Amino acid sequence: MNIYLQDGTVIDFEDNKPAFWHTASHILAQAVKNLYPNISLAIGPAIDNGFYYDFDADKHFSDEELSLIEAEMKKIVKAKYPLEKFSLPKSEALELMKNEPYKLELINELPEDVEITFYKQGDFVDLCAGPHLSNTKQVEAFKLLSCAGAYWRGNEKNKMLYRIYGTAFPKKAMLTEYLTELEEAKKRDHNKLGRELKLFATDEAVGQGLPLLMPKGAKIIQILQRWIEDLEEEHGYVLTKTPSMAKNDLYKISGHWSHYKDGMFIMGDEEKDDEVIALRPMTCPFQFAIYKQDQHSYRDLPIRYAETATLARNESSGEMHGLIRVRQFTLADGHIICTPEQLEEEFKNVVDLIQYIMKTIGIDKDISYRFSKWSPNSKGKYIDNPEAWENTQSIMKNILDHLKLNYKEADDEAAFYGPKLDIQFKNVHGKEDTIITVQIDFALAERFNMSYIDANGEKKIPYIIHRSSLGCYERTLAMLIEKYAGAFPTWLAPVAVKVLPISDKYADYAADVCKALKSKKILVEVDHRAEKIGYKIREARNERIPYILVVGADEMENKTVSVRSRQKGDEGVQDLTAFVNRVANEIATKFNYHDHITNTFTAKK
RNA sequence: GCUGUUAUAGCACAGAUGGUAGUGCACUACAUUGGUAGUGUAGAGGUCACGAGUUCGAUUCUCGUUAACAGCUCCA
């Protein structure tokens, strides 16, 4: 689908969506200005799936008003305004935008000597670097999707503006297709599907960000946890169990008290009480305390501590989201204490283990790597030691390059004590979250006075790698729900087989079948109520149970089972023993339905 | 924390411009003993999120609280 840019070039829509969406955002701004001349314009960029424009409106746009704005946009498209580019020196640019305070702020930040570019369509002019389409008529299909508050320049201390989100396409059919995909994606939303499948629930009286894991959700987490704890042991980790809370003295040493106090649940009052206890937001200081119980030789290192650690973080009220952002969660946590020489090898092993785990749970193709660095400009957010930051970051970058990881760098995203390798996953709404992080810590070992004796008998400060293997169980479960649209691989499914007798006559045989399945540790659920068999099968399918076993008899009165697998439909009469072995094998080998699922459930990009 | 939307039975939804609530599916009992949401009969289930105000009377109007959702900010 060709589109035409303002400078005369012809380019494919797929390759140049930002210019297209950016023009659409100008049309939105023009429409809003036409309808509400007193509203000030802020900014209106293209984003991943469309565009938005921020307005200083002192009002919220209702659905009816959004419809009116859409109608006005339609007029602008129909008017076929050509876009004209022109530039002005700074003084004239300020004069032109004198009634737009946000534009003035932007212009004032530009250097004195540059020519400032504007785009004009009809009588509407906007400050903009471009590029843009040649004519508004190209934006044939568009839709305003939502309206939300957003801080000016993303800073919560600034005024909250009103943001209108929208998307646009050169053809109506493309818009319809996109909106359909959006609807399909919403059906996979873990927050909806996870509740429907009875994996988790929330309760008003329990509180925000405190999801209840229902039996089925808890089962999945138990399967993952048993697997991860065994796997870590195989990889040389030793398990620790440390308290969920500690005196604030501990957090003062770690720096959490000065860097993370607002994020903690604190019991007691520093002013009044002798002792103040806080729930732990991280496991680090506890495992460090374990390390310090002994004097260590360089021969002992590396020491790899692992812990299935329940953590509590006092997130602000608007930040909670399903299982992705919660106030209490359980992290497959761990810390490796090693010598500088061992650092690279240990880091590599951590990444190898993570990659193996991601592949096993089937999301290795869905993750991306982010190298999260500090920012010298964010004073107070990080431990103040620029030299150590630069040094550790260069070590980490070297390791990442040796590993040939395809990562992108992000400034101002580090932990307060060191740079991170973050493993990112996009949810169905396209929002990216970190599921796993690996960090190199240059600061805490010294603060905690941790040491080892090197080959020369000298006391040295070790390096610490903070790492997770699976991330936090709740968030990972959320990602898996969305990845598989609730249709988990057999080994992860909370119910692998549902047994449905076609008639009460076969209840005994159904019990035998269950016994045979259970003897191989297959998770099985049986419905003893034979009536409404059709409904029961449909229900089991909606629950995305991997195998539905319809138990009955053929005309010869031989007992038989008829297997319906979620992926392949009815497989007819099967030998029970063969079936049991097959399911047991899928569980034992962690067989993954990834390819089937992609065909069946993943919406097209 | 900020902006906005929302809250009626297990689920999906109706409803009255203020007079204490309905439908479908699910659920329970009985009959039908059957094959991909079978049929019939009967039945149970709701302080209409919570608290205050206005009113003769509030599930409905007003205010507050809590929770859920979308986004911003912050984060695993």
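Just so we're on the same page: letters track the sequence lines, and every chain starts at 1. As the structure is a computational prediction, the values presented were derived from the model and not from experiment.
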Does [X] reach a base, just sugar-phosphate, or nothing at all? Heavy atoms under 4.0 Å.
X: K381(A); result: sugar-phosphate
X: S468(A); result: nothing
X: C472(A); result: base
X: I324(A); result: base
X: Q208(A); result: sugar-phosphate
X: Y165(A); result: sugar-phosphate
X: G318(A); result: base
X: K420(A); result: sugar-phosphate
X: G534(A); result: sugar-phosphate
X: R327(A); result: nothing
X: D189(A); result: sugar-phosphate
X: E156(A); result: sugar-phosphate

Ion pair present between [X] and [Y], side-chain N to carboxylate O less than 4.0 angstrom?
X: E543(A); Y: K216(A); result: yes
X: E319(A); Y: R313(A); result: no
X: E307(A); Y: R280(A); result: yes
X: E232(A); Y: R304(A); result: no
X: R327(A); Y: E315(A); result: no

Donor + acceptor pair across side chains of Y382(A), D412(A) (<3.5 Å): yes

Assess whether one donor atom and one acceptor atom, taken from the side chain of [X] and the base of [N], lie less than 3.5 Å apart.
X: Y52(A); N: G71(B); result: no
X: E315(A); N: A76(B); result: yes
X: R163(A); N: C72(B); result: no

Roughly, in whole Å, what's the span from [atom1] in [X] to [atom2] in [N]?
X: D527(A); N: G35(B); atom1: CG; atom2: P; value: 17 Å
X: H335(A); N: A76(B); atom1: NE2; atom2: C1'; value: 13 Å
X: E319(A); N: C2(B); atom1: CD; atom2: C1'; value: 10 Å
X: I502(A); N: U33(B); atom1: CD1; atom2: P; value: 14 Å
X: K536(A); N: G38(B); atom1: NZ; atom2: P; value: 10 Å
X: D412(A); N: U73(B); atom1: CG; atom2: C1'; value: 13 Å
X: H190(A); N: A76(B); atom1: NE2; atom2: C1'; value: 13 Å
X: R325(A); N: C69(B); atom1: CZ; atom2: P; value: 13 Å

Between [options], which nucleotide gets closest to the side-chain atoms of [X]?
X: H321(A); options: C75(B), A70(B), C2(B); value: A70(B)
X: R313(A); options: A68(B), A49(B), C75(B); value: C75(B)
X: Y162(A); options: A67(B), C72(B), U3(B); value: U3(B)
X: I533(A); options: G1(B), G35(B), C75(B); value: G35(B)
X: Y535(A); options: A37(B), C75(B), C72(B); value: A37(B)
X: S316(A); options: G10(B), G1(B), A68(B); value: G1(B)
X: V550(A); options: G35(B), C69(B), C75(B); value: G35(B)

Suppose you measure atom [atom1] in [N] against the same atom in [M]; what distance do you get, rounded to whole Å?
N: U55(B); M: G18(B); atom1: P; answer: 16 Å
N: A37(B); M: C72(B); atom1: P; answer: 42 Å
N: U54(B); M: A42(B); atom1: C1'; answer: 45 Å
N: A7(B); M: G45(B); atom1: P; answer: 26 Å
N: C48(B); M: U8(B); atom1: C1'; answer: 4 Å
N: U23(B); M: C30(B); atom1: C1'; answer: 25 Å
N: G4(B); M: C63(B); atom1: P; answer: 13 Å
N: G19(B); M: C61(B); atom1: C1'; answer: 15 Å

Taking any strand in view, what nucleotide pairs with [N] in a Watson-Crick or G-U wobble way, both distances under 3.5 Å?
N: U20(B); value: none
N: U59(B); value: none
N: C69(B); value: G4(B)
N: A29(B); value: U41(B)
N: G46(B); value: none

Is the phosphate of G71(B) approached by S146(A) (side-chain N or O, under 4.0 Å from OP1 or OP2)? no

OP1 or OP2 of C69(B) versus the side-chain N and O atoms of R195(A): is any pair under 4.0 Å? yes

5'-most contact on RNA chain B (nearest-nucleotide basis), A150(A) vs R538(A), goes to R538(A)

Which residue lies toward the 5' end of RNA chain B, G209(A) or L331(A), if each is placed at its nearest nucleotide? G209(A)

Atom CG of N155(A) with >12 non-hydrogen neighbours under 6.0 angstrom: yes

Which residue in the set F288(A), Y237(A), F286(A) passes ring-ring contact (aromatic ring centres under 6.0 Å, His included) when paired with H335(A)? F288(A)

Does any part of the side chain of Y102(A), heavy atoms only, come nearer than 4.5 Å to the side chain of D56(A), both counted from C-beta? yes

In terms of relative ring orientation, are H259(A) and F416(A) parallel, tilted or perpendicular, with 30° and 60° separating the classes? parallel

